[in-house]
**Student:** 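Mind looking over this structure? Questions follow.
Every chain is numbered from 1, with letters handed out A, B, ... down the list of sequences.
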Protein chains: 2
Amino acid sequence: MLTRTTLRKTPTGEDLARDAQFGSRLAANPLKGSIELMGAPMRFARNEEIYGESEPADYIYKLVGGTVRTYRVLSDGRRQIGAFYLPGDMFGLECGAEHSFSAEAITNATVLVIKRSAVTALASHDVSVAQQLLAMTAQELARMQVHLMLLIKTAQERVADFLLEMAERADGHNEVDLPMSRQDIADYLGLTIETISRTLTQLESSAAIALPTSRRIVLRNRAALRQLNS
Amino acid sequence: MLTRTTLRKTPTGEDLARDAQFGSRLAANPLKGSIELMGAPMRFARNEEIYGESEPADYIYKLVGGTVRTYRVLSDGRRQIGAFYLPGDMFGLECGAEHSFSAEAITNATVLVIKRSAVTALASHDVSVAQQLLAMTAQELARMQVHLMLLIKTAQERVADFLLEMAERADGHNEVDLPMSRQDIADYLGLTIETISRTLTQLESSAAIALPTSRRIVLRNRAALRQLNS
DNA sequence: CGACCATTTGATATGGATCAAGCGATGTGG
DNA sequence: CCACATCGCTTGATCCATATCAAATGGTCG
């Protein structure tokens, strides 16, 4: 299905300019001081694997630019996307000793790669680092809980929820540029691409959204969308 | 739907004998030393609320005897059960400042109630406590991930998974006594009671399980059940 | 321009929900 | 101790939301 390229170990120089727009988000993150200074920046191409499910979880990651998905596949190929990560987000916490999900770049992405052992060592000295680590894991848990609630809703509710969430995270405005494909959305929401597509056109017909292009979504009536989320 | 009784503040003396069988599980838990010594034992009757979604999360809980469910309801009444807890499990970690789920006793239950502030205070001195707190949260996260994967499977797969999980946790043998109703199972698996019931009878017909009574399940063919879990 | 890939749209199929009885166990009051 | 109400579970009949199968459209890149 998906093309898997091999892992590039060294940062390359391309589209740094495009990523620069996200720099401002860095300041907002809790682990701003010590931890991220330890990170080596690394670049991943579109659809490139960042880590694989069941690889040892030796690193944690902070996304600087681009978009990342984590996912898990059942033996028969069904894929569940666990989360989408945007610049400023940390990921790779979702694990014990091994990663339980895989991570891939959805767009070209720049990531700070941080040695887990270094963080835990730091945490054992610095209480605030330990607290931040806990807070991040708890936040991940909270995200998961919301996701769980999504999966018992109807298709309309899931899609509406998804659009509102993305608009929220992509910084509040009414126009969202989705970095991910319909297939990604479908695998996140537990639906099929056809259902995603149909639901979006329904929402467009009911004037809740507009679709200037397939990836660009304008929220025309947030209240209507919210009403769908029981 | 469910009867909500008021919260009993003081431990009562009944069925302590019945709970005693679970005592052996205590030793296996990571937070065995300092933390649980701080806990005040408390008893809850069947269907009694332990805490409510959106109450301040001032306590964490360790189940000593009985069974507990955590859940969340959508405005229209759909309920999603987040987890079942058995003796030895900790719960109430699934939160920021407020609980994001509610918790109720499924059977009469005995719970150690531990002040969160005390734990975090302890964690700031004792690194190992902080680590255990993180580990428990991470485990909760892992449980959630497995649950998420469940919800994209077919009814048969969900039910089979559930039975295997319960058998595993209720200490490995082939005969399981389910403490929860069909409705609880349904709301955990994102199905209806009718589908749960039908699926169980299917599994019985195919000789994968036996149903001596509706709450007692015998795993006759674990391999067959596992095969259903892609 | 032509090939390819993502998306949309249409027609049909189906798994699980919903609606509706029936049944068996448990408990309660007479 | 029995009649009867209640509750949890099972079973049957039908419906419907979403999946599946199939084709058309549109956008992108060489």
Side-chain angles (χ1 to χ4, degrees), chain A residues 1-3 45-47 67 69 74 76-80 106-108 150-163 177-205 209-217 228 230, chain B residues 1-3 46-47 67 69 74 76-80 106-107 150-163 177-205 209-217 228 230:
Chain A
M1 301 196 127
L2 280 171
T3 315
R46 191 164 176 279
N47 290 327
T67 312
R69 63 177 165 248
L74 299 178
D76 68 347
R78 278 170 293 178
R79 182 181 70 158
Q80 175 65 43
I106 289 182
T107 62
N108 292 344
L150 253 195
L151 296 188
I152 67 167
K153 300 186 181 180
T154 66
Q156 279 223 350
E157 291 168 340
R158 295 188 212 195
V159 171
D161 266 14
F162 171 74
L163 294 178
D177 215 334
L178 298 176
M180 72 287 288
S181 69
R182 295 288 186 268
Q183 188 62 62
D184 284 337
I185 300 173
D187 290 349
Y188 179 72
L189 298 180
L191 299 168
T192 59
I193 43 173
E194 293 95 332
T195 299
I196 302 294
S197 187
R198 280 187 244 272
T199 305
L200 285 172
T201 47
Q202 277 173 235
L203 290 175
E204 191 177 30
S205 316
I209 64 170
L211 289 157
T213 79
S214 70
R215 296 292 183 104
R216 173 163 292 270
I217 307 231
L228 293 177
S230 318
Chain B
M1 298 195 133
L2 281 170
T3 314
R46 189 164 178 279
N47 289 328
T67 312
R69 63 179 166 248
L74 299 179
D76 68 347
R78 278 170 292 179
R79 181 182 71 157
Q80 175 64 43
I106 290 181
T107 62
L150 253 195
L151 296 189
I152 67 166
K153 299 186 181 181
T154 65
Q156 279 223 349
E157 290 168 340
R158 295 186 212 196
V159 172
D161 267 15
F162 171 73
L163 294 178
D177 215 334
L178 298 176
M180 72 287 287
S181 69
R182 294 289 186 269
Q183 188 62 62
D184 283 338
I185 300 173
D187 290 348
Y188 179 72
L189 298 179
L191 299 168
T192 59
I193 43 174
E194 292 95 333
T195 300
I196 302 295
S197 187
R198 280 188 244 273
T199 305
L200 286 172
T201 48
Q202 278 173 234
L203 290 175
E204 191 177 30
S205 315
I209 64 171
L211 290 157
T213 79
S214 69
R215 296 292 184 102
R216 172 163 292 270
I217 308 233
L228 293 177
S230 318

**Student:** If you look at every strand shown and take non-hydrogen atoms under 4.0 Å, does A:Arg215 touch a base, only sugar-phosphate, or nothing?
**Tutor:** sugar-phosphate
**Student:** Strictly below 4.0 Å, heavy-atom distances to any atom of DNA chain C: list the hits from residues 187-200 of chain A, or just say none.
**Tutor:** A:Glu194, A:Ser197, A:Arg198
**Student:** Rounded to the Å, how far apart are B:Leu178 CG and D:dG8 C1'?
**Tutor:** 14 Å
**Student:** In whole angstrom, what separates B:Arg46's CZ from D:dG8's C1'?
**Tutor:** 10 Å
**Student:** Determine yes or no for a side-chain-to-main-chain donor-acceptor pair under 3.5 angstrom, with B:Arg182 supplying the side chain and B:Ser214 the backbone.
**Tutor:** yes
**Student:** Would you mind reading off the distance between B:Ile106 atom CD1 and D:dG8 atom P, rounded to a whole angstrom?
**Tutor:** 13 Å
**Student:** On a heavy-atom basis, which atom in A:Lys153 and which in A:Asp161 lie closest, and how many Å separate them?
**Tutor:** NZ-OD2, 2.8 Å
**Student:** Do the side-chain N or O atoms of B:Ser214 get closer than 4.0 angstrom to the phosphate oxygens (OP1, OP2) of C:dA25?
**Tutor:** no
**Student:** Please examine the side chains of B:Leu150 and B:Phe162, heavy atoms only from C-beta on, and report whether any two atoms are closer than 4.5 Å.
**Tutor:** no
**Student:** Heavy atoms only, 4.0 Å cut-off, all strands: where does A:Thr213 land among base, sugar-phosphate and nothing?
**Tutor:** nothing
**Student:** List in chain and number order the residues that pass side chain to side chain contact (heavy atoms under 4.5 Å, CB included) with A:Thr154, two or more places apart in sequence or in another chain; answer none if no residue qualifies.
**Tutor:** A:Gln156, A:Glu157, B:Arg78
**Student:** Choose from D:dT18, C:dG16, D:dC9 the nucleotide whose nearest atom is closest to any side-chain atom of B:Ala155.
**Tutor:** C:dG16
**Student:** So which atom in A:Arg158 and which in A:Leu189 form the shortest heavy-atom distance, rounded to 0.1 Å?
**Tutor:** NH1-O, 2.6 Å
**Student:** To the nearest Å, give me how far apart CG (B:Leu203) and C1' (D:dT11) are.
**Tutor:** 16 Å
**Student:** Give B:Thr154 one of three labels, base, sugar-phosphate or nothing, depending on what nucleic acid heavy atoms sit under 4.0 Å from its own.
**Tutor:** sugar-phosphate
**Student:** Please report how far the helix from C:dC1-D:dG30 to C:dG30-D:dC1 bends, comparing the axis fitted to its first five pairs with the axis fitted to its last five, to the nearest 10 degrees.
**Tutor:** 30°
**Student:** Extract from the structure each pairing of a protein N or O with an N or O of nucleotides 27-30 of chain D at less than 3.5 Å, listing the distance.
**Tutor:**
none

**Student:** Among all residues two or more places apart in sequence or in another chain, which pass the side chain to side chain donor-acceptor pair (under 3.5 Å) test with B:Thr195?
**Tutor:** B:Thr192
**Student:** If every non-hydrogen atom of B:Leu211 is compared with every non-hydrogen atom of B:Leu200, which pair is closest and at what distance?
**Tutor:** CD1-O, 4.1 Å
**Student:** Please name all residues satisfying side chain to side chain contact (heavy atoms under 4.5 Å, CB included) with A:Ser181, sequence neighbours left out, ordered by chain then number.
**Tutor:** A:Gln183, A:Asp184, A:Arg215
**Student:** If you take all heavy atoms of B:Asp187 and B:Arg79, which pair is closest and at what distance?
**Tutor:** OD2-NE, 2.6 Å
**Student:** For residues 188-203 of chain B, which residue pairs qualify under salt bridge (Lys or Arg N to Asp or Glu O under 4.0 Å), counting only residues two or more places apart or in two chains?
**Tutor:** none
**Student:** Quick one, A:Thr199 with A:Leu191, criterion side chain to side chain contact (heavy atoms under 4.5 Å, CB included). Give me CA distance, side-chain angles, the key distance, then yes/no.
**Tutor:** CA-CA 11 Å; A:Thr199 305; A:Leu191 299 168; 5.7 Å; no
**Student:** Distance check needed: C:dT9 C1' versus A:Leu211 CG, whole Å only.
**Tutor:** 14 Å
**Student:** Can you name the closest pair of heavy atoms from A:Thr107 and A:Pro179 and give their distance?
**Tutor:** CG2-CB, 4.0 Å
**Student:** Let me know the distance between CD of A:Gln202 and C1' of C:dG10, rounded to the nearest Å.
**Tutor:** 14 Å
**Student:** Send over the distance from A:Ile152 CD1 to D:dT18 P, rounded to a whole Å.
**Tutor:** 13 Å
**Student:** Separation of A:Ile185 atom CD1 from C:dA6 atom P, in whole Å?
**Tutor:** 13 Å
